[in-house]
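Heads up: the structure comes next, in structure tokens.
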Amino acid sequence: MTATTHDSLFPAMPDSADAVLDGLDPEQRAVATALHGPVCVLAGAGTGKTRAITHRIAYGVRAGILQPTTVLAVTFTARAAGEMRGRLRQLGAGGVQARTFHSAALRQLQYFWPRAVGGELPRLVERKVQLVAEAGARCRIRLDRNELRDVTGEIEWCKVTQTVPEEYPAAAAKTGRDVPRDPAEIARIYTTYEQLKRDRGVIDFEDVLLLTVGVLQDRPDVADTVRSQYQHFVVDEYQDVSPLQQRLLDLWLGGRDDLCVVGDASQTIYSFTGATPDFLLGFRSRHPDATVVKLVRDYRSTPQVVGLANGLLGQARGQAAAHRLELISQREAGPEPTYTEYADEPAEAEGAARRIRQLIDSGVRPSEIAVLYRINAQSEVYEQALADAGVPYQLRGAERFFERPEVREAGMLLRGAARASSDPGETAPTIPQQVRDVLSSRGWASEPPAGSGAVRDRWESLAALVRLSEDFAAARPDATLGDFVGELDERANAQHAPTVEGVTLASLHAAKGLEWDAVFLVGLTEGTLPITYAKTDEQVEEERRLLYVGVTRARFHLALSWALSRSPGGRGGRRPSRFLDGLRPGSAPRGARGSGGTGGVERGQGGGRKRRGPVLCRVCGRTLSDAGEIKLMRCEDCPSDLDEGLYERLRAWRVEQAKALGQPAYCVFTDKTLLAIAEVRPSGEAELTSIAGVGARKLDKFGADVLALVAGGDPDDPALGPAGAPAGDPSEAAADDPGDPGDPSADPAEQPGESSEEEAEK
């Protein structure tokens, strides 16, 4: 578990170009110092890609190699662009432009439109749904709410893939799109929609890119002006570019190759919007002399979380899977991911809320916890469960922080207070005290209001400003309230919002680019993940990548769960997601390749293994589903008869074995397995192999030593290494063997069950 401190919120600016490189690992440093020519960074989740590229830009600027006004860094969300601007400002490269594709294109279009076309740029339509509905009505095609949303999505897809209306039916069939209406009808609506825009002199979001491309293609003088302004380009999340965005990037470059791209094909989850990893995967073929750097050191997640992520991708297929990156955790070991089955969705939500309450009570901040689901319709039951448990929460994708009315009002009040307290002869209270005094008149109090709703949301916003003022004052003791107001203004311009202290509820798509100490992945059933309309192999693989993104959001705690029915008393016909086969205890993989991982990852092919039923608690008899409880063979809260002396002797022996093998200690036995041995105190091989994680291979290597320790004696010579294997042979140092007869993961895979009734929300 990690906690954000004022040192990380307001770090000191590096005092030189070389200081910018301090703290980078060898691969990140290679990215930061590769300042010329095409550069491709293949960066796995949690490997510090944003750190690498922002330090690259800052190093180039601080060393005088790059002029800040000639650098354009583009990404895909306003939040990501704001974070990048904030980091560059802290590194001393505040003059660099960091924008989304659309934002950069819109600025250029607004500037050049009078010269290139004449007059003012047409008004931008913020919500195209209304125009699409009118286009449908003119075509005498009635669209319900869901169809309207989906037809709008199809029009957006057409535009970013540069598909004209008459080509849509063929293009939809070729790409296997799940169309909401007859393709010919959608083509008619698309044609009418475009005509309505022309008649009313308006443009939509996608037109911004299309028109910018058109101006740059048709007006060489404009293109030359843009290219003289921007000479160095950085593209983040390059796996998500659409053909239209790539076309715009090519025009910006104008044949030059001063380009750095960064991405991960295993995190391509937006193909429904036209995104494709093809440009990332084909970068080397288009730029044969490119510098390629792979970032695989995962600084975010524990080995247990990383092992599950690697195991999940190890079963993947397709082009993106062929280029997957095997992550290597740089963190100390943490708890195993948990897998929990519930009777129905309300029970699943209540179980998650109960566990979240326990985490908060143990010291985990609510803002460091997230509940992630496949579709937004799943959030309601979790909102209710968290409110019932007295847990604050926030919905991801809601209104931007600095656009909230209470935040705008607070900013005006603080600005006025800063002017009023500007008398240099006056001794002012501390910045946090001044902020608390101002905001207390607008609903802030030291204790949050009871319940949830608008009053609680308002308090959370103001409390975030108070916490930010405390961090700011700790980092800059000599600062004034006016300095803090200036910080707020800069953050508002960069959309660099402070942390709101509540559990995050978000869809898996909305969680991309974020991370938390504890992540709950819920609703993992067939028909929901993969979603019911994922029919083709590529569509199913994208759903797998979506789960991979969810897994890699977790730093320390990871909980995966599913419900057998939607409502209490319903028919329990659902099945866990196929993506968990071979990963969760009690399952086997579906034709998986070998893959690394922990938490019950199946490594073999399952042939000839003994089938095993459910594992029961040896104290109370309850069926166990949690991986840690299965290792212990009892419920976590059931009484323990641990022999503490034996446990400590086993731990000391494990240290010697790990040293001899040159492997982490958990590759001998995990802590849970050692606890189970010290509780069961097996008297022979049969009892020893009944413990999950002690199978035939472990028995051959370590059985005699363990039984000797249990009997009160000492192994003959632990320094010689495990019996039957030369010390230092890494091939014999596998973690607890999930394929042994004592492990419930030897059961055959379950088949998919009934599909969810939900549709995906794009």
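Computation of the quantities below employed the complete heavy-atom set of this structure, encompassing side-chain atoms and omitting hydrogens, waters and symmetry-equivalent molecules. What you see is a predicted model; the values in this text were computed from it and never measured.
Of all the heavy atoms in Gly550 and Leu508, the pair that sits closest is CA-CD2, 3.7 Å. Between Ser266 and Leu313 the shortest heavy-atom distance is OG-CD1, 3.4 Å. Shown here for Thr47 and Leu295, the closest heavy-atom pair between the two residues is CG2-O, 3.4 Å. The minimum heavy-atom distance between Val39 and Ala34, with the atom names listed, is CG2-O, 3.7 Å. Nearest heavy-atom pair across Ser301 and Ala554 is OG-O, 2.5 Å. The minimum heavy-atom distance linking Val222 with Arg115 is given by the pair CG2-NH1, 4.1 Å.
With Arg247 contributing its side chain and Ser242 its backbone, the two residues share no donor-acceptor pair below 3.5 Å. Looking at Arg256, its side chain does come within 3.5 Å of a backbone N or O of Arg227 through a donor-acceptor pair. Looking only at distances, a side-chain donor or acceptor of Thr268 sits under 3.5 Å from a matching main-chain atom of Ala265. The main-chain N or O of Gly214 is never found under 3.5 Å from a side-chain atom of Gln217 such that the two would form a donor-acceptor pair. In this structure, the side chain of Arg553 does not engage the main chain of Val519 through any donor-acceptor pair within 3.5 Å. Ser103 places no side-chain N or O within donor-acceptor distance of the main-chain N or O of Arg99, the cut-off being under 3.5 Å. With Gln229 contributing its side chain and Thr69 its backbone, the two residues share a donor-acceptor pair below 3.5 Å. Not one N or O on the side chain of Glu368 forms a donor-acceptor pair closer than 3.5 Å with the backbone of Ala518. With Gln267 contributing its side chain and Asp264 its backbone, the two residues share no donor-acceptor pair below 3.5 Å. Proximity of a side-chain donor or acceptor of Arg286 to a complementary backbone N or O of Phe279 within less than 3.5 Å is detected.
To the nearest 0.5 Å, atoms CD1 (Ile369) and CG (Asp517) are separated by 8.0 Å. Considering CG of Leu88 and NE2 of His55, their distance stands at 10.0 Å, rounded to 0.5 Å. The structure places CG of Asp483 at 11.5 Å from CG of Leu488, a figure rounded to the nearest 0.5 Å. Here the straight-line distance linking atom CD of Gln231 with atom CG of Asp258 works out to 8.5 Å at 0.5 Å rounding. Here the CG atom belonging to Asp298 is positioned 10.0 Å from the CD1 atom belonging to Ile328, to the nearest 0.5 angstrom. If you take CD1 on Ile65 and NE2 on His232, they are separated by 9.5 Å, rounding to the nearest 0.5 Å.
At least one side-chain heavy atom of Ile203 sits under 4.5 Å from a side-chain heavy atom of Leu121. Between Leu547 and Leu580 the shortest side-chain heavy-atom distance falls below 4.5 Å. With a 4.5 Å cut-off on side-chain heavy atoms, Phe233 and Val71 do not count as touching. A heavy-atom distance below 4.5 Å is not found between the side chains of Val371 and Thr504. Side chains of Val241 and Phe76 form a contact here, defined as non-hydrogen atoms less than 4.5 Å apart. In this structure, the side chains of Leu248 and Leu216 come closer than 4.5 Å at one or more pairs of heavy atoms. In this structure, Gln97 and Tyr230 have side chains that are in contact, with non-hydrogen atoms separated by less than 4.5 Å. Side-chain contact between Val293 and Thr291 is present, with heavy atoms from C-beta onward closer than 4.5 Å.
Checking Ser16 against Asp18 by side-chain atom types alone, no donor-acceptor pair falls below 3.5 Å. Side-chain N/O atoms of Tyr238 and Gln246 include a donor and acceptor closer than 3.5 Å. No donor-acceptor contact under 3.5 angstrom links the side chains of Gln110 and Gln108, judged on distance only. Looking only at atom types and distance, the side chain of Arg545 has no donor-acceptor partner in the side chain of Gln239 under 3.5 Å away.
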Would you check, one step at a time, whether the test side-chain contact (heavy atoms from CB on, under 4.5 Å) holds for Leu546 with Leu529?
-> CA-CA 9 Å; Leu546 193 55; Leu529 194 70; 4.3 Å; yes

Evaluation steps, side-chain contact (heavy atoms from CB on, under 4.5 Å), between Leu42 and Leu280 | CA-CA 9 Å; Leu42 302 176; Leu280 174 66; 3.8 Å; yes

Between Asp257 and Leu253, is a side-chain contact (heavy atoms from CB on, under 4.5 Å) present by the stated rule, with each step listed?
-> CA-CA 7 Å; Asp257 62 1; Leu253 283 164; over 6 Å; no

Could you walk me through whether Arg177 and Gln539 pass the side-chain hydrogen bond (donor to acceptor under 3.5 Å, both in side chains) test, one step at a time?
-> CA-CA 9 Å; Arg177 293 187 69 78; Gln539 289 169 342; over 6 Å; no

Arg467/Phe472 under side-chain contact (heavy atoms from CB on, under 4.5 Å): CA gap, chis, key distance, verdict = CA-CA 9 Å; Arg467 286 192 299 273; Phe472 183 79; over 6 Å; no

Verdict with reasoning, Glu543 to Arg374, per salt bridge (Lys or Arg N to Asp or Glu O under 4.0 Å) = CA-CA 9 Å; Glu543 294 287 299; Arg374 175 60 179 86; 2.9 Å; yes

Start with the C-alpha gap between Arg89 and Glu487, add the side-chain angles, then the distance that decides, and say whether salt bridge (Lys or Arg N to Asp or Glu O under 4.0 Å) holds.
-> CA-CA 11 Å; Arg89 178 166 61 93; Glu487 174 68 22; 3.6 Å; yes

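At least one cation-pi condition fails for Arg555 and Trp516: the charged atom is not both under 6.0 angstrom from the six-membered ring centre and inside a 45 degree cone around its axis.
Under a 4.0 Å N-O distance rule, the pair Arg324/Glu326 qualifies as a salt bridge. The existence of a salt bridge linking Arg317 and Asp537 is excluded, since no basic side-chain nitrogen approaches an acidic carboxylate oxygen closer than 4.0 Å. Salt-bridge check for Lys512 with Glu237: passed, with a basic side-chain N closer than 4.0 Å to an acidic carboxylate O. Ion pairing between Asp204 and Lys159 holds under the 4.0 Å rule for side-chain N and carboxylate O. Looking at Arg297 and Glu27, a side-chain N of the basic residue comes within less than 4.0 Å of a carboxylate O on the acidic one, giving a salt bridge. With respect to the salt-bridge test (charged N to carboxylate O, under 4.0 angstrom), the residues Arg544 and Glu541 qualify. Comment: Arg300 engages Glu515 in a salt bridge, judged by a side-chain N to carboxylate O separation of less than 4.0 angstrom. Arg219 and Asp221 are joined by a salt bridge, as a carboxylate oxygen and a charged side-chain nitrogen come within less than 4.0 angstrom of each other.
Checked against the 6.0 Å centroid threshold, His287 and Phe283 count as a close aromatic pair.
Ring-plane geometry between Trp252 and Phe101 is classed as parallel, the angle between the planes falling under 30 degrees on a 0 to 90 degree scale with a further cut at 60.
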